[in-house]
Amino acid sequence: MTEYLNKEARAIKPSGIRKFFDLVSGRKDIITLGVGEPDFITPWHVREACVYSLERGKTQYTSNAGMPELREAIGQYLNDRFAVPYDPAKEILVTVGGSEAIDLALRALVAPGDEILIPEPCYISYSPITALGGGVPVGVETFAKDNFKLRADQLEAAITPRSKVLILCYPSNPTGGTMTREDWLPIAELVEKHDLIVISDEIYAELTYDSNHVSFASLPGMKDRTILVSGFSKAFAMTGWRMGYACGHQDLIGAMLKIHQYTVMCAPVMGQVAALEALTNGMEEKDRMVESYNQRRRLIVKGFREIGLECHEPQGAFYAFPSIQSTGLDSETFAERLLLEAKVAAVPGNVFGLGGEGHLRCSYATSVAQLTEALEKIGEFVEKVKKS
């Protein structure tokens, strides 16, 4: 039946991450460092707010754009935390996870043949969603020697007259790289010079460790050129709730809202109630989770370096991205053998695009005991490989 599929759907590859998830599904003997998901349960008061709303019969549709009180809370939060003011009535859209927000943004912006600039290694969905919309994904490689920061000269070299959108993801999945205000300013100059629109995926904004997150939209002249995407999955341990949002100029958000209306109608009201509670009363729990991630970050980086694997120090998110080049194995082979021989699951770096080969993505959003055991097993595996 494949002849009935459009060419983009036929050509798209299955997720490289899912391949490894499927291999470990149901296995109790595997230590998993592959899942980009907090190991914390959504705080009780957030769950309780949802349960109470259900008991009161709050099960109807909301406004297509989301509950007004949730949009107001999101606007207040972004202004207070990152100095980016948005009008809740016109510039904020509540979505089914940050993933839907990214999809809506690209569908609203991309015309066939438009080039979409994507710093890599990066979250695996950007290129396939671009291609499904008829756009042309253009990878811009970043490097460990630069702490995986996007450099202006590398970006400018990739820009052509057909460039239209720049997708940013900082703090980065999979590298944990971040950008300072000083790093951003030359990027902002290029965005204005070449008349680009930016989709800034800031889902890990709260997960920064040695400095405060700087939103790209907060830079001079960038708010109207930027669609800020975020959500509740990572910082508030709400992955399964699928709650996200997009913020930007009312013309851009208005176009995204029309697509949203015809596809999902609105985000689930139960999730919206929970998200409102998380923003209103969940900052203390969020801070405790971030401090725990910070402890694990130091543990895993130190562990990889002691094993003999080079590993830049991630400044955000909850991923380490060690180099495995010293073993002589490519990323796919290393990850497969690590799973089969050491019973540790991690994601090969090559699935994240340019610059990912020769690396391994390891989530440290798991217990210290699990991380310690995993590091021991990885160390034994690396020693065996180097001796063979």
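The pair Asp210-Arg297 meets the salt-bridge criterion, since a charged nitrogen lies less than 4.0 angstrom from a carboxylate oxygen. The existence of a salt bridge linking Glu37 and Lys234 is excluded, since no basic side-chain nitrogen approaches an acidic carboxylate oxygen closer than 4.0 Å. One finds a salt bridge joining Glu306 and Lys302 here, because a Lys/Arg side-chain nitrogen approaches an Asp/Glu carboxylate oxygen to under 4.0 Å. Ion pairing between a basic and an acidic side chain is recognised when a charged N comes within 4.0 Å of a carboxylate O; Lys343 and Glu373 show no such pairing. A salt bridge between Glu189 and Lys193 is absent, with no side-chain N of the basic residue lying under 4.0 Å from a carboxylate O of the acidic one. The existence of a salt bridge linking Glu206 and Arg81 is confirmed by a sub-4.0 Å separation between a basic side-chain nitrogen and an acidic carboxylate oxygen. Salt-bridge check for Arg151 with Asp183: failed, with every basic side-chain N at 4.0 Å or more from each acidic carboxylate O. Look at Glu100 and Arg242 and you find no salt bridge, because none of the NZ, NE, NH1 or NH2 atoms lies under 4.0 Å from a carboxylate O.
No donor-acceptor pair under 3.5 Å is formed between the side chain of Thr178 and the backbone N or O of Gly316. At least one donor-acceptor pair closer than 3.5 Å links the side chain of Ser331 to the backbone N or O of Gly358. Looking at Glu357, its side chain never comes within 3.5 Å of a backbone N or O of Asn350 through a donor-acceptor pair.
Of all heavy-atom pairs between Val165 and Leu196, the closest is N-CD2, 4.5 Å. Residue Ala274 comes nearest to Val46 through the heavy atom pair O-CG1, 3.4 Å, listed as atom of the first residue, atom of the second, then distance. Contact record, Pro85 with Ala83: CD-O, 3.7 Å, taken as the closest heavy-atom pair. Of all non-hydrogen atoms in His359 and Gly355, the two that sit nearest each other are ND1-O, 3.5 Å. Here the shortest heavy-atom pairing between Leu207 and Ala235 reads CD2-CA, 4.4 Å.
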Item to check | Worked check of side-chain contact (heavy atoms from CB on, under 4.5 Å) between Ile199 and Leu168 | outcome: CA-CA 6 Å; Ile199 300 172; Leu168 300 172; over 6 Å; no
Checklist entry - Hey, mind stepping through Lys223 and Glu91 against salt bridge (Lys or Arg N to Asp or Glu O under 4.0 Å) and telling me if it holds? => result CA-CA 11 Å; Lys223 179 173 176 285; Glu91 297 182 321; 3.5 Å; yes
Checklist entry - How far apart are the C-alpha atoms of Ile324 and Thr327, what are their side-chain angles, what is the distance that settles it, and do they pass the side-chain contact (heavy atoms from CB on, under 4.5 Å) test? => result CA-CA 6 Å; Ile324 50 89; Thr327 67; 4.3 Å; yes
Next on the checklist: Is there a ring pair (Phe, Tyr, Trp, His ring centres under 6.0 Å) between Trp184 and Tyr170? Walk through the geometry before answering.
Outcome noted: CA-CA 11 Å; Trp184 278 137; Tyr170 288 94; 5.6 Å; yes
Checklist entry - Given Tyr319 and Asn173, is the side-chain contact (heavy atoms from CB on, under 4.5 Å) satisfied, shown in steps? => result CA-CA 7 Å; Tyr319 308 106; Asn173 172 13; 3.6 Å; yes
Checklist entry - After noting the C-alpha distance and the side-chain angles of Ile31 and Lys377, does the key distance pass the side-chain contact (heavy atoms from CB on, under 4.5 Å) rule? => result CA-CA 10 Å; Ile31 299 175; Lys377 290 177 175 289; 4.1 Å; yes
Next on the checklist: salt bridge (Lys or Arg N to Asp or Glu O under 4.0 Å), that's the test. Do Asp195 and Arg225 meet it? Break it down for me.
Outcome noted: CA-CA 9 Å; Asp195 195 25; Arg225 288 187 174 274; 3.0 Å; yes
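In this model, no donor atom of one side chain and acceptor atom of the other lie less than 3.5 Å apart for Glu120 and Thr142. Of the N and O atoms on the side chains of Glu310 and Ser326, not one donor lies less than 3.5 Å from an acceptor on the other residue. A donor and an acceptor atom, one from each side chain of Ser211 and Gln315, are nowhere located under 3.5 Å apart. Judged purely by distance below 3.5 Å, without hydrogens or angles, the side chains of Glu202 and Ser230 never pair a donor atom with an acceptor atom. In the model, Tyr245 has no side-chain atom that pairs as donor or acceptor with a side-chain atom of Tyr86 under 3.5 Å. Between the side chains of Thr175 and Ser172, at least one donor N or O lies within less than 3.5 Å of an accepting N or O.
Between Tyr126 and Tyr123, the ring planes lie perpendicular to each other; the angle is over 60°, past the 30° to 60° tilted range. Using cut-offs of 30° and 60° for the angle between ring planes, the Phe148 and His312 rings count as perpendicular.
Note: Leu109 CG to Thr130 OG1 = 10.0 Å, rounded to the nearest 0.5 Å. In this structure, the separation between CZ on Phe318 and OH on Tyr293 is 5.5 Å, given to the nearest 0.5 Å. Here the CD1 atom belonging to Ile259 is positioned 8.0 Å from the CE atom belonging to Met256, to the nearest 0.5 angstrom. Atoms CD and NZ, on Glu291 and Lys286 in that order, are 11.5 Å from each other to the nearest 0.5 Å. Residue Asn64 holds its CG atom at 6.0 Å from NE2 of His260, rounded to the nearest 0.5 Å. Between Tyr77 atom OH and Phe82 atom CZ the span is 4.0 Å, to the nearest 0.5 Å.
The neighbour count for Asn212 CG, taken as heavy atoms of other residues, nucleotides or ligands under 6.0 Å away, does not exceed 12. No more than 12 heavy-atom neighbours from other residues, nucleotides or ligands sit within 6.0 angstrom of NZ on Lys90. Atom CG of Leu340 has more than 12 heavy atoms from other residues, nucleotides or ligands within 6.0 Å.
Cation-pi contact between Arg56 and Tyr52: present, with separation from the ring centre below 6.0 Å and deviation from the ring axis of at most 45°. Within the cation-pi definition used here (under 6.0 Å to the ring centroid, within 45° of the axis), Lys384 does not qualify as a partner of Phe381.
No option in Arg288, Gln295, Arg296 other than Arg296 meets the side chain to side chain donor-acceptor pair (under 3.5 Å) test with Ser292.
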